[in-house]
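What follows is a single structure, written as structure tokens, with notes after it.
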Amino acid sequence: MTFKHNFKKVLSATAFAAALVVAPAANVSAATNDASSTQQSATATSQDQQASQDQAASQSSAANQSSSTSTSSATSTSTVKKVAKKTKKTSKKKAVKKVAKKTTKKKATKKAKKTSKKSTKKTTKAATAAVTASADQSQATDQQDDAAKKAAEAAAKKAAAAKKAAAKKKAAAKKKAAAKKKAAAKKAAAKKKAAARKEAAAKKKAAKKSAEKTAKYWIAMRESGGYYTARNGSCYGRYQLLISYLGGDLSKKNQERTADRYVYGRYGSWVNAKRFWLAHNWY
């Protein structure tokens with residue numbers, strides 16, 4: 001009974017020591033990676049089982065040496081404690097390093113995010129400025145196009161107005177020329193008509209004068225045979241006027257003048273006097 005009890009104690013102590021050796025390593029692995037910790041724990045458990053088996057075998061061989069086993073157990077426990085302490089210290093250092101590394105990484109990430117945000121903001125601002133500039137340029141281009149279009153329309157309108165004014169001016173000039181030509185033609189016609197009328201009047205006058213001259217000559221030939229000195233009683237001269245009509249002047253000129261005055265005063269013309277003479281044989 002005593003041997004079995006001591007064997008169990010030694011086995012328990014050995015298993016506990018092995019567990020202490022494995023546990024810190026498992027904790028460190030857990031701080032680094034949870035998945036790795038789980039795997040290491042499984043490995044540690046397997047090692048514990050193997051160690052337990054090995055210890056059982058060794059304990060079986062050392063069953064007859066209980067006193068030496070007790071001493072060995074105490075030494076093993078002390079060693080395990082030292083190893084555990086050293087492992088804990090190492091784990092703590094590693095944890096501190098990991099925290100520092102994590103903090104540094106966090107700061108770097110934060111700085112990178114800040115830089116990225118600033119860069120993004122700057123890029124966005126530049127893009128916005130570029131879009132605004134492009135919009136302004138597009139608007140300016142549109143305004144220039146509108147101005148050019150309006151200028152072209154104004155020029156076309158001005159050209160059309162000028163063309164219309166030129167056509168109107170040309171039509172007015174043509175109308176004026178036609179009116180002037182018509183007036184000239186009318187004036188020429190009137191002038192021609194007046195000339196014809198004048199010529200007709202002149203011809204008529206000439207014919208009348210010729211008729212008057214012929215009638216006067218005809219009467220003179222009937223009265224005196226054309227002599228200015230012919231005398232018949234109280235009548236004298238070419239036209240056989242009363243001597244009292246001549247007023248004492250028997251000249252040819254006075255006879256002509258007195259005969260005209262007498263005929264025009266009494267008959268209106270020598271033609272009428274001839275007509276009267278033909279009807280009465282005297283005038």
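None of the values given here were measured: they were computed from a predicted structure. What you see below is based on every heavy atom in this structure, not just the backbone, and it leaves out hydrogens, waters and symmetry mates.
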Next on the checklist: In the structure I gave you, are the side-chain heavy atoms of S234 and I243 within less than 4.5 Å of one another anywhere?
Outcome noted: no

Checklist entry - Under a single-linkage definition using a 4.5 Å side-chain heavy-atom cutoff for Ile, Leu, Val, Met, Phe, Trp and Tyr, are L246 and Y228 assigned to the same hydrophobic cluster? => result no

Item to check | F276 atom CZ, over 12 foreign heavy atoms within 6.0 Å | outcome: yes

Next on the checklist: So, taking the atom named NZ in K169 and the one named NZ in K176, what distance separates them when rounded to the nearest 0.5 Å?
Outcome noted: 10.5 Å

Next on the checklist: side chain to side chain contact (heavy atoms under 4.5 Å, CB included) for Y264 and W270? Distances and angles first, verdict last.
Outcome noted: CA-CA 7 Å; Y264 285 114; W270 284 100; 3.8 Å; yes

Next on the checklist: Pair N254, S251 - check side chain to side chain donor-acceptor pair (under 3.5 Å), show working.
Outcome noted: CA-CA 5 Å; N254 189 44; S251 63; 5.1 Å; no

Checklist entry - Between D260 and R257, is any pair of side-chain heavy atoms under 4.5 Å apart? => result no

Checklist outcome for this item: One should read off an interatomic distance between W282 CH2 and C235 SG, to the nearest 0.5 angstrom, of 11.0 Å

Checklist entry - Hey, are K203 and E199 close enough for a salt bridge, meaning a charged N less than 4.0 Å from a carboxylate O? => result yes

Item to check | Non-hydrogen side-chain atoms of Y217 and R238 separated by less than 4.5 Å | outcome: yes

Item to check | Smallest separation among heavy atoms of G237 and S224, with atom names | outcome: O-CB, 3.4 Å

Checklist outcome for this item: Residues Q255 and L241: closest non-hydrogen pair is O-CD1, 4.1 Å

Next on the checklist: Are V271 and Y283 connected into the same hydrophobic cluster when the rule is that any two of I, L, V, M, F, W, Y join if their side-chain heavy atoms are below 4.5 Å apart?
Outcome noted: no

Checklist outcome for this item: When rounded to the nearest 0.5 Å, the distance separating NE2 of H280 from CG of L278 is 11.0 Å

Checklist outcome for this item: Sequence neighbours excluded, the answer for side chain to side chain contact (heavy atoms under 4.5 Å, CB included) partners of N281 is W277

Checklist entry - To the nearest 0.5 Å, what is the distance between CD (E212) and NZ (K208)? => result 6.5 Å

Checklist entry - Picking from E256, E223, R222, what satisfies side chain to side chain donor-acceptor pair (under 3.5 Å) with Y239? => result E256

Please tabulate, one pair per line, all N/O donor-acceptor pairs under 3.5 Å involving side-chain atoms of residues 147-159, not counting sequence neighbours.
none

Item to check | Residues forming a side chain to side chain contact (heavy atoms under 4.5 Å, CB included) with A202, sequence neighbours excluded | outcome: none

Checklist entry - Could you go step by step and tell me if T229 and Y236 meet the side chain to side chain contact (heavy atoms under 4.5 Å, CB included) rule? => result CA-CA 7 Å; T229 58; Y236 183 83; 3.9 Å; yes

